[in-house]
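Everything on this sheet refers to the single structure shown next.
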Amino acid sequence: MAPSSHLSGSIEVERKFVPGPEVEKSLYALGAELLKEIIFRDSYYDSAELRLTLNDYWLRKRGDSWELKHPPQPGTRGLFGASTQYLEVTEEDKIICKVSEVLGVPSPPNMEAFGLNEFASFVTRRRRFQLPLEESSSTMAMVDLDEADFDFAVGEVEVIVQTQEEVQNAFQKVEEICKKLGVFQESAVQGKVATFLQLNRVEHYRQLVEAHVF
Ligand SMILES: Cc1ncc(C[n+]2csc(CCOP(=O)(O)OP(=O)(O)OP(=O)(O)O)c2C)c(N)n1
Ligand SMILES: [Mg+2]
């Protein structure tokens, strides 16, 4: 394993779940607090050859801000069993740098100059809960209950860590929380993007399944 390193973003360890009718009750019973309710549009982009997503790179515009999610180690998958770990990059110059690397093109002056295509766009209504963690550490557990505008609901338990060494512990933590909430499922639960593609972009979805990204 790579030594502790300064990453260009935080590592998001997440596990998705199907939100049953009891999940909110379970959240409050565990001492969760509703932090915020937000509505945002995500628009996802890729090259014509789907170079980003076939490499598990997820470039989106959330509201007015660019965001890039990708596996922490190049050449690996962000998927870990039914949980995921992704680095999230939000600084535009770093995003430009990474995207040009994956596309194999020189860095342009701005994101628009890549000439990428939008392949998915949808609005999410998110309720974000914060869960108290037993030990006194800098990590936080968040639970998101998302409803997308294409009639799809999904939940997510998320723990943010700063180094690769903390990832294993975070995987355990998100599993434990799912179990306590009564939403633990062995197999991976499909998220909004995968579901959107399955419904609207069948060929793109097929290629991602074939490449073992989904
Ligand atoms: C279970 C699973 N999830 C995602 C992927 C691929 N993937 C990785 S990142 C990614 C982009 C979407 O990330 P996701 O966490 O699903 O969306 P959202 O919850 O709106 O973003 P957040 O607010 O948490 O940043 C995808 C599809 C996969 N292969 N398998
Ligand atoms: Mg997520």
Side-chain angles (χ1 to χ4, degrees), residues 9-19 35-46 50-63 65-91 95 98-99 102 116 118-130 140-150 152-161 167 170-171 174-175 177-178 183-201 204-214:
S10 304
I11 307 173
E12 298 187 345
V13 174
E14 300 184 335
R15 193 178 182 98
K16 293 185 167 66
F17 62 84
V18 178
L35 272 191
K36 57 183 176 181
E37 184 162 343
I38 48 174
I39 294 175
F40 53 87
R41 175 175 286 278
D42 285 325
S43 299
Y44 284 85
Y45 292 84
D46 204 345
L50 310 178
R51 274 231 188 168
L52 295 177
T53 56
L54 286 174
N55 282 294
D56 209 10
Y57 276 63
W58 301 90
L59 175 67
R60 71 185 171 206
K61 208 165 193 185
R62 176 166 288 183
S65 308
W66 287 101
E67 298 179 348
L68 178 69
K69 291 176 83 160
H70 66 90
Q73 289 132 341
T76 62
R77 290 278 175 253
L79 207 55
F80 182 90
S83 298
T84 59
Q85 57 160 325
Y86 284 92
L87 257 181
E88 185 164 321
V89 188
T90 53
E91 283 168 64
I95 295 177
K98 299 236 171 192
V99 168
V102 179
L116 300 171
E118 180 189 288
F119 66 82
S121 187
F122 49 83
V123 173
T124 298
R125 175 176 163 263
R126 165 169 292 176
R127 276 173 306 145
R128 166 156 280 209
F129 296 82
Q130 187 179 346
M140 314 258 273
M142 299 292 170
V143 180
D144 290 332
L145 298 183
D146 285 356
E147 282 169 28
D149 64 356
F150 54 94
F152 176 72
V154 67
E156 201 170 82
V157 177
E158 173 186 286
V159 171
I160 309 266
V161 295
V167 168
F171 277 132
V174 295
E175 268 197 36
I177 293 169
C178 284
V183 294
F184 180 80
Q185 223 176 290
E186 281 293 343
S187 54
V189 169
Q190 215 165 252
K192 299 186 293 285
V193 181
T195 305
F196 183 96
L197 291 175
Q198 195 174 24
L199 292 170
N200 301 294
R201 300 246 173 188
H204 190 168
Y205 181 81
R206 191 196 62 74
Q207 289 189 44
L208 289 167
V209 172
E210 197 177 84
H212 304 289
V213 175
F214 286 157

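Order of appearance sets the numbers: ligands from 1, and atoms from 1 within every ligand.
The aromatic rings of Phe122 and Phe196 sit tilted, their planes meeting at an angle between 30° and 60°. Taking the six-membered ring where the residue is Trp, Phe214 and Tyr205 present tilted rings, their angle falling between 30° and 60°.
Every residue two or more places apart in sequence or in another chain was checked for a side-chain hydrogen bond (donor to acceptor under 3.5 Å, both in side chains) with Arg51, and none qualifies. With sequence neighbours left out, the side-chain hydrogen bond (donor to acceptor under 3.5 Å, both in side chains) criterion links Glu186 to no other residue.
With a heavy-atom cut-off of 4.0 Å, Val189 touches ligand 1 through its backbone alone. Under 4.0 angstrom from ligand 1, there are no non-hydrogen atoms of Glu67. Here Val213 has backbone heavy atoms under 4.0 Å from ligand 1, and that is the only part of it that gets that close. Under 4.0 angstrom from ligand 1, the non-hydrogen atoms of Arg126 all belong to its side chain.
In this structure, Arg62 counts as a contact residue of ligand 1, since one of its heavy atoms falls inside 4.0 Å of the ligand. Residue Arg15 places every heavy atom at 4.0 Å or more from ligand 1.
Close approach to Glu88 involves these atoms of ligand 1, each under 4.0 Å from a residue heavy atom: 25 (O).
Some N or O of Lys192 is nearer than 3.5 Å to an N or O of ligand 1, by distance alone. Taking any N or O of Lys69, backbone or side chain, at least one lies under 3.5 Å from an N or O belonging to ligand 1. Taking only nitrogen or oxygen atoms, main chain and side chain alike, Lys16 reaches within less than 3.5 Å of ligand 1.
Residues Arg128 and Glu158 are paired through a salt bridge, judged by an N-O separation under 4.0 Å between the basic side chain and the carboxylate.
Judged purely by atom type and a 3.5 angstrom limit, Arg201 uses its side chain to pair as donor or acceptor with the backbone of Phe119.
The shortest non-hydrogen separation linking Gln190 to Val154 is O-CG2, 3.9 Å.
Side-chain atoms of Glu14 and Lys69, non-hydrogen and from C-beta on, do get closer than 4.5 Å to each other.
The Mg ion (ligand 2) has no N, O or S atom of Asp144 under 2.8 Å away, backbone or side chain.
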